[in-house]
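These numbers come from the heavy atoms of this one structure, side chains and all, not from hydrogens, waters or symmetry mates. Worth saying up front: this structure is predicted, and the values here are computed from it rather than measured.
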Amino acid sequence: MRAYDSATAPKPIAVSRPAEAPGRPAPRSLSRRAGTLQAALGVTAFSLTFPATAWGLQGFGPWSLVAVRSVLAAVIAGGCLLALRVPLPARRHWAGLAVVAAGVVVGFPLLTTLALRTSTTAHAAVVVGLLPLTTALCSALRMGTRPSRTFWAAALAGAAAVLAFTVQQSGGALTSADAYLFGALVVCAAGYTEGGRLARIMPGWQVIGWALVLCLPLTVPAAALALSYEPVRLTAHSVVGLLWVAAGSQFLGLVVWYRGMAAIGVPKASQLQLAQPLLTLVWSVLLLGEQLTPAAPLTAAAVLVCIAVTQRARG
C-alpha cells in the first residue's frame, strides 16, 4: 500500500480575520465623510475671504494686500516644509503646481481684490457662486470625470440663479467688477482642479505649500514695489483682515480643501461651495454692516438647495 493512501486527508482550518486590522485603510464611507467634512471646513474658511479682504483694503492698497498676503502665507508654508524636511516634488509635478500657483495664489486673490474696490462683498459672493460649475467643467475636461445628468442639472440650475442675480444687480449690464470676478472664476477653477489632482499624489498641505513657495520670486519684489507706491494705514481691521486672508484663506483653508477634494472627488467637493455665497452674506452683515437686497439671500438660498442634489447624484 502506498504511503499516501493511508494518510488522513487534510481539512481546511477556518481562520477568522479581524474586522479592522491595524494599519488597514478606513472604510470608504468613513473616508468620504471625513473628506466631505474637510471640504466643508475649507468652504467655511473661504466664506470669510471677501469680508477679510474688505477689512484689509481699509489699510492696504489692492496690490499691496495681494502681494503681502501671498508672502506671509508662503512664509508659513515654507516653515512647515522646512521643519518637516519635506523633499522637493518630482519634476513632473512642477507644471501642475505652477497652475495652482497661477490660479489660487496670484490670479484669484488679485482679481477678486480689484473687484472689491467697487463691488460689495455680498454681490461678489453671489457671483462667485458660479465657481462650483466652472470647477466641475474644468475637472471634466482635465481629469475625465463624468458626473451624472442629475448632477449637471443641479449645477446648471445654481449657475442660472447666480447669472440672473448678477444681471439684475447690474441693471442688465455687466460692470468692470463683474469682469474681474468672472476672470477669477476661470483661473481659480483651473487651480482647484489641478490641486485636487495633485492632492491624490501628495498631501494637500504640500500642494498649496509648494505653490506658495514657487511664487516667492514674484511676490516678494511685488510686495516691496507695491508697498513703496501704495499708502499703508494700519488699523485693527486691516491687520486682522490681512492675517486671515494670508493664514486662513491662502493656506489653512486650502489645506483642508485639497484634502477633501482628494477624498470625495473634485466635482462633488466643488458643489459644496454652493453654500459659500450664503455664508459670506451672513459675514457681510455681521462684520461689515452691509445692507442686503432681497434678491441676494434668495439667490444664495436657491443655490444652496442644489447642494443636496449634487451630493446625492451619482458621479
Donor-acceptor list for residues 86-104 side chains, cut-off 3.5 Å, not counting sequence neighbours:
| residue | atom | partner | partner atom | Å |
| --- | --- | --- | --- | --- |
| Trp94 | NE1 | Pro89 | O | 3.3 |

Let's go through Val186 and Thr134 carefully: what are the C-alpha distance in whole Å and the side-chain angles of both, what is the deciding distance for side-chain contact (heavy atoms from CB on, under 4.5 Å) to 0.1 Å, and is it a yes or a no? CA-CA 7 Å; Val186 176; Thr134 54; 5.7 Å; no
Considering non-hydrogen atoms only, spot the tightest contact between [X] and [Y] and give its length.
X: Thr49; Y: Val245; result: O-CG1, 3.9 Å
X: Arg200; Y: Gly265; result: NH2-CA, 4.3 Å
X: Ala263; Y: Gly35; result: CB-CA, 3.6 Å
X: Ala45; Y: Gly253; result: CB-CA, 3.9 Å
X: Leu287; Y: Pro51; result: CD1-CB, 4.3 Å
X: Thr36; Y: Leu272; result: O-CD1, 3.9 Å

Using side-chain heavy atoms (C-beta onward) and a distance below 4.5 Å, is [X] in contact with [Y]?
X: Leu48; Y: Ser249; answer: no
X: Val239; Y: Leu243; answer: yes
X: Phe46; Y: Leu279; answer: no

Which Ile, Leu, Val, Met, Phe, Trp or Tyr residues join Leu225 in one cluster when any pair of side-chain heavy atoms under 4.5 Å counts as a link?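 The other cluster members (ILVMFWY side chains, heavy atoms under 4.5 Å, direct or chained) are Tyr229.
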For residues 277-290, pull every pair meeting side chain to side chain donor-acceptor pair (under 3.5 Å), keeping only residues two or more places apart or in separate chains.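 Sorted pair list: Ser47-Trp283, Thr121-Glu290.
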Consider only side-chain heavy atoms of I, L, V, M, F, W and Y, link residues closer than 4.5 Å, and tell whether [X] and [Y] are in one cluster.
X: Val106; Y: Val187; value: no
X: Leu286; Y: Leu288; value: yes
X: Val255; Y: Ile264; value: yes
X: Leu81; Y: Tyr258; value: yes
X: Val282; Y: Leu41; value: no

Any side-chain to backbone donor/acceptor pair from Ser119 onto Leu116? Under 3.5 Å, distance only.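 No, because the side chain of Ser119 does not come within donor-acceptor range (under 3.5 Å) of the backbone of Leu116.
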Is it true that a side-chain atom of Arg259 and a backbone atom of Gln38 form a donor plus acceptor pair closer than 3.5 Å?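 The answer is no, because no donor-acceptor pair under 3.5 Å joins these two groups.
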Just to verify, what does [X] make a side chain to side chain contact (heavy atoms under 4.5 Å, CB included) with, not counting sequence neighbours?
X: Thr112; answer: Phe50, Phe108, Leu181, Ala184
X: Ala247; answer: Ile76
X: Leu110; answer: Trp63, Val66, Leu114

Pair up each side-chain donor or acceptor in residues 201-222 with any protein partner under 3.5 Å, not counting sequence neighbours, and list the distances.
| residue | atom | partner | partner atom | Å |
| --- | --- | --- | --- | --- |
| Thr219 | OG1 | Cys215 | O | 3.1 |

Does Thr235 have any side-chain hydrogen bond (donor to acceptor under 3.5 Å, both in side chains) partners at least two apart in sequence or in another chain, and if so, which?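 side-chain hydrogen bond (donor to acceptor under 3.5 Å, both in side chains) check on Thr235 returns Ser238.
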Any residue meeting side-chain hydrogen bond (donor to acceptor under 3.5 Å, both in side chains) with Ser64, in chain and number order, not counting sequence neighbours: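 With neighbours one apart ignored, the set is Glu230.
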Only pairs at least two apart or in different chains count here, so list each ring-ring contact (aromatic ring centres under 6.0 Å, His included) that has a residue in residues 231-254.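 Applying ring-ring contact (aromatic ring centres under 6.0 Å, His included) to every pair that reaches into residues 231-254, excluding sequence neighbours, yields Trp55-His237.
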From Thr53 OG1 over to Leu57 CG, what is the distance, rounded to the nearest 0.5 angstrom?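 Reported to 0.5 Å precision, the distance equals 6.5 Å.
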List the steps, then state whether side-chain contact (heavy atoms from CB on, under 4.5 Å) holds for Leu131 with Cys188. CA-CA 8 Å; Leu131 186 55; Cys188 189; 4.0 Å; yes
By ring-ring contact (aromatic ring centres under 6.0 Å, His included), which residues pair with Tyr180, not counting sequence neighbours?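 With neighbours one apart ignored, the set is empty.
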Partner residues of Tyr192 under the ring-ring contact (aromatic ring centres under 6.0 Å, His included) criterion, sequence neighbours left out: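 Counting only residues at least two positions away or on another chain, Tyr192 forms a ring-ring contact (aromatic ring centres under 6.0 Å, His included) with Trp257.
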